[in-house]
Amino acid sequence: MSRDSVQAGRPVIGHSAGTPSGSAEAAYLDLLARGASVEAYEEPVLLARAQGAPADRIAALERAKLLALRVRSELEGRRRREAELSALFETAHDLAGLRDVDAVLQAIVQRARSLLGTDIAYLSLNDPARGDTYMRVTEGSVSARFQQLRLGMGEGLGGLVAQTARPYVTDDYFKDGRFQHTLTIDAGVRDEGLVAILGVPLMLGPHVIGVLFAADRRARVFEREQIALLGSFAALAAAAIDTANMLTETRSALAGLERANEIIRDRSGVIERASDVHDRLAELVLRGGGVHDVAAAVSQVLAGTVEFTEARTAPAGALEASRAEGHAVRHGSHWIAAVAAGGELLGALVLRGHPDLDPVDQRTLERAAMVTSLLLLARRSAAEAEQRVRGELLDDLLDARDRDPRLLRERAARLRADLDATHVVLAARLDGPAADADEEAAARRRLWSAASHLAATRQGLAAARDGGTVLLLPLATGDTTTDLARRTARDLGTAVHQPVTVGASAPVTDLAAHPDSVAAAYTEGRRCLDALRLLGRDGDGAAAEDFGFLGLLLAGERDIGAFVDRTIGPVVAYDERRGTELLRTLDAYFACGMSPARTREELHVHVNTVAQRLERVGRLLGDDWQTPARTLEIQLALRLHRLAAPGRH
């Protein structure tokens, strides 16, 4: 089949087969939604091969095709059972208003023949007066001899059914030696041209009053469901005969029929619910709903509470049993349906507080679990693709491989990131030893996944690098690099259930025009990360400005002016504005060993003047300005200030 012919015949399928990863399931969901033929399920694979798609793409399509065909088979079986139950319901309705027993029996035989798809169906009844069996109703028969056939008790396949009161089937009547052949019966069967015959007993209590048959003029194997269906029709036929003949067991037969009607009505209601959930799930898939939407829809149909839960929080034994059996399993008063794909447990659908679940409702829950797995796989494929693209862009910025600002901006815009905004580069790393290399690799993958999700939600970028993760996140107005670093450490640690340390760079701008600034900022962020770990602050987040004068060594550009401004800026500004000598007083104070008396002598002022000036310094720099750590920073800032402006001191 050529590509053009496939696209012309199925434009939607052809397009789906050529789309990126994640559309394999979409193509087959579209086929399921449209009720396509079995042959149509081969077209996405054929088109992918014709287009030269990669092997993993074709393999994904093959897996999706098999899964979709299973779903289609289940849906076809559901529709067939709906038709069967509908026919049983109609027959029961006929019996409720019984006027003509022959018309009812004729309808039963017609429906049995139609639903089983046989060439002929017929019903024989015992004649106690003559001691034999005669044909009562036939449908599809062409032989007059066969229609007038009378059988002695115990003769032919019908005799075997009557003797054992059990269904019997033969796929080749003339080669079957399990029952008594007679010339009369064989002649009638040969005249009709029958080969495969199924017979089920018509029972009134423990007694067989006749046999209901379905037969084909070719070899055929009757399935168990077909045998059960014919048995149901035989039961209704026996009830009709019992009612018409006004036997002494009439009251008992009517009670049984009433129970049968109740069952049929219940089955009809279940099928309506199943049809409803099918429509809802199809609509959810087509409009891009999520797993919680599926759970909500099934909750309404099953009149219970259905929740999606992660595999680690579901009951382990019940979850494993559900995956192994492929069915929902009961767990106390709940039902557990495993959500799995390719042997991987993705989670579970849990139906709570509904211990007595109808088999059809159970299959509805199982179908919802299967749809949930398809949605999760589709979401995962899309998320992983976006994470890879975000990581590739950040890698290019870190390595400065693509220096065209226009191309960088276009790539970022497709990911909803703005390279013209102010950003911060954050280096993140897991804390704590791993049990082995595999556990360490798994922990790093979790960190990368969590960082990628965080970057996507905040219009940033993330990539795995140097045994950890690097993030490029926009800095919001009014936010500080320290706040961003600590918040990121907290969010990542919560996501991976393990402490995560984060070092942040100073804000960087105009990344598209200056991509090399990202690499420099990353180096600064890693220095802060290493400093945090050396200081024993694992699981925390910080920027260079949080380390005082140590931040001068950590910062990529050694911003001395910023350090001086952060440390003694208020005092410098006060002197410039008021013409005071607070800086000179601080210099003398530290030079005199922080002694107010010696400072007074050095400055040749009254001791109260020194006290007032130091009090003013305390109000400007904070009450802790004389602690050892702060005094060290203030003295360094004073020296750097003198070096920067030597003419002023």
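Each residue takes its place number in the sequence, starting with 1. Computed from a predicted model, the values in this text were never measured in an experiment.
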Enquirer: With rounding to the nearest 0.5 Å, note down the distance linking CZ in R111 to CG in L229.
Expert: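 Reported value, rounded in 0.5 Å steps: 12.0 Å.
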Enquirer: Excluding sequence neighbours, so at least two apart, what forms salt bridge (charged side-chain N to carboxylate O under 4.0 Å, His left out) with R490?
Expert: none
Enquirer: With side chains defined as the heavy atoms from C-beta onward, is the minimum distance between L447 and L492 less than 4.5 Å?
Expert: yes
Enquirer: State which residues pass side chain to side chain contact (heavy atoms under 4.5 Å, CB included) with V169; sequence neighbours excluded, sorted by chain then number.
Expert: L198, F222
Enquirer: Could you grab the distance from atom CG of L105 to atom CD of E139, nearest 0.5 Å is fine?
Expert: 12.5 Å
Enquirer: Backbone N or O of A48 within a donor-acceptor pair of the Q51 side chain at under 3.5 Å?
Expert: no
Enquirer: Could you check whether any side-chain heavy atom of R220 comes within less than 4.5 Å of a side-chain heavy atom of T118, counting everything from C-beta outward?
Expert: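 Touching, per the 4.5 Å side-chain cut-off.
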Enquirer: Which residues satisfy the side-chain hydrogen bond (donor to acceptor under 3.5 Å, both in side chains) test with H327, sequence neighbours excluded?
Expert: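 Scan of H327 (side-chain hydrogen bond (donor to acceptor under 3.5 Å, both in side chains), adjacent residues dropped) gives E366.
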Enquirer: Could you tell me which non-hydrogen atom of G539 sits nearest to which non-hydrogen atom of P499, and how far apart they are?
Expert: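 For G539 versus P499, the nearest heavy atoms are CA-CB, 4.1 Å.
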Enquirer: Could you work out, with side-chain hydrogen bond (donor to acceptor under 3.5 Å, both in side chains) as the rule, every residue matching T488, not counting sequence neighbours?
Expert: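 Listed in chain order: nothing, the list is empty.
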Enquirer: Residues two or more places apart in sequence or in another chain: which of them pass side-chain hydrogen bond (donor to acceptor under 3.5 Å, both in side chains) with D483?
Expert: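 If we apply the side-chain hydrogen bond (donor to acceptor under 3.5 Å, both in side chains) test to D483, skipping adjacent residues, the hits are T480.
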Enquirer: Please find the pair of heavy atoms, one from P201 and one from P167, that lie closest to each other, and give the distance.
Expert: CD-N, 3.9 Å
Enquirer: With sequence neighbours excluded, tell me which residues meet side chain to side chain contact (heavy atoms under 4.5 Å, CB included) with A235.
Expert: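 So A235 forms no side chain to side chain contact (heavy atoms under 4.5 Å, CB included) with any residue.
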Enquirer: NE2/H334 to CD1/I336 distance, rounded to the nearest 0.5 angstrom?
Expert: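 That separation rounds to 7.0 Å.
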Enquirer: Please find the pair of heavy atoms, one from L484 and one from P474, that lie closest to each other, and give the distance.
Expert: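 Where L484 meets P474 most closely, the heavy atoms are CD2-O, 4.2 Å.
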Enquirer: Side chain to side chain contact (heavy atoms under 4.5 Å, CB included) with A489: which residues, sequence neighbours excluded?
Expert: V502
Enquirer: Could you walk me through whether V200 and V161 pass side chain to side chain contact (heavy atoms under 4.5 Å, CB included), step by step?
Expert: CA-CA 7 Å; V200 296; V161 173; 5.7 Å; no
Enquirer: With a 4.5 Å heavy-atom cut-off, do L115 and L230 have their side chains touching?
Expert: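 L115 vs L230: side chains apart.
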Enquirer: Residues two or more places apart in sequence or in another chain: which of them pass salt bridge (charged side-chain N to carboxylate O under 4.0 Å, His left out) with D479?
Expert: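 If we apply the salt bridge (charged side-chain N to carboxylate O under 4.0 Å, His left out) test to D479, skipping adjacent residues, the hits are R487.
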Enquirer: With a 4.5 Å limit on heavy-atom distance, are the side chains of T469 and L471 in contact?
Expert: yes
Enquirer: Looking at CG of L46 and CD of E39, how far apart are the two atoms once the value is rounded to the nearest 0.5 Å?
Expert: 12.0 Å
Enquirer: Given side chains that start at C-beta, do those of R113 and I120 come closer than 4.5 Å, heavy atoms only?
Expert: no
Enquirer: The criterion is side chain to side chain contact (heavy atoms under 4.5 Å, CB included); which residues satisfy it with P206, sequence neighbours excluded?
Expert: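 P206: no side chain to side chain contact (heavy atoms under 4.5 Å, CB included) contacts found.
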Enquirer: Can you measure from CD (E43) to OG (S37) and round to the nearest 0.5 angstrom?
Expert: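 With rounding to 0.5 Å, CD (E43) is 7.5 Å from OG (S37).
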Enquirer: Are any of the side-chain heavy atoms of L202 and L123 separated by less than 4.5 Å?
Expert: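 Answer yes - side chains close enough.
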Enquirer: Please walk me through it: do M203 and V208 pass side chain to side chain contact (heavy atoms under 4.5 Å, CB included)?
Expert: CA-CA 5 Å; M203 304 289 297; V208 178; 3.3 Å; yes
Enquirer: Quick one: list whatever passes salt bridge (charged side-chain N to carboxylate O under 4.0 Å, His left out) with R218, sequence neighbours left out.
Expert: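 Partners of R218 by the salt bridge (charged side-chain N to carboxylate O under 4.0 Å, His left out) criterion, ordered by chain and then number, come out as D119, D216.
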Enquirer: Could you check L351 against T305 for side chain to side chain contact (heavy atoms under 4.5 Å, CB included), going step by step and ending with a plain yes or no?
Expert: CA-CA 6 Å; L351 174 60; T305 301; 5.9 Å; no
Enquirer: Do E62 and R49 sit within salt-bridge range, that is, some charged N less than 4.0 Å from a carboxylate O?
Expert: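 Yes, E62 and R49 are salt-bridged.
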Enquirer: Among residues at least two apart in sequence or on other chains, which ones pass salt bridge (charged side-chain N to carboxylate O under 4.0 Å, His left out) with E307?
Expert: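 Residues passing salt bridge (charged side-chain N to carboxylate O under 4.0 Å, His left out) with E307: R352.
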Enquirer: Might you point out which heavy atoms bring A450 and V496 nearest each other, and give the distance in Å?
Expert: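 Looking at all heavy atoms of both residues, the shortest contact is CB-CG1, 4.0 Å.
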Enquirer: Which heavy atom of Y41 sits nearest to which heavy atom of P44, and what is that distance?
Expert: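 Closest approach of Y41 to P44: O-CD, 3.7 Å.
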Enquirer: So, for I58 and A53, which heavy atoms are closest and what is the spacing to 0.1 Å?
Expert: CD1-O, 3.6 Å
Enquirer: Could you check whether any side-chain heavy atom of Q498 comes within less than 4.5 Å of a side-chain heavy atom of R446, counting everything from C-beta outward?
Expert: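 A side-chain contact under 4.5 Å exists here.
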Enquirer: Who are the ring pair (Phe, Tyr, Trp, His ring centres under 6.0 Å) partners of F213, not counting sequence neighbours?
Expert: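 Per chain and number, F213 pairs via ring pair (Phe, Tyr, Trp, His ring centres under 6.0 Å) with Y122.
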Enquirer: Distance from T501 atom OG1 to R429 atom CZ, nearest 0.5 Å?
Expert: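 If we round to the nearest 0.5 Å, T501:OG1 and R429:CZ are 8.5 Å apart.
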Enquirer: What verdict does the side chain to side chain contact (heavy atoms under 4.5 Å, CB included) test give for D540 and R486, after you've listed the backbone C-alpha separation in whole Å, the side-chain angles of each residue and the deciding distance to 0.1 Å?
Expert: CA-CA 6 Å; D540 197 1; R486 289 176 177 170; 3.8 Å; yes
Enquirer: Can you name the one residue among K65, R57, R63 that meets side chain to side chain contact (heavy atoms under 4.5 Å, CB included) with L61?
Expert: R57
Enquirer: Are any non-hydrogen side-chain atoms of R458 and D491 less than 4.5 angstrom apart?
Expert: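 The answer is yes; the side chains approach within 4.5 Å.
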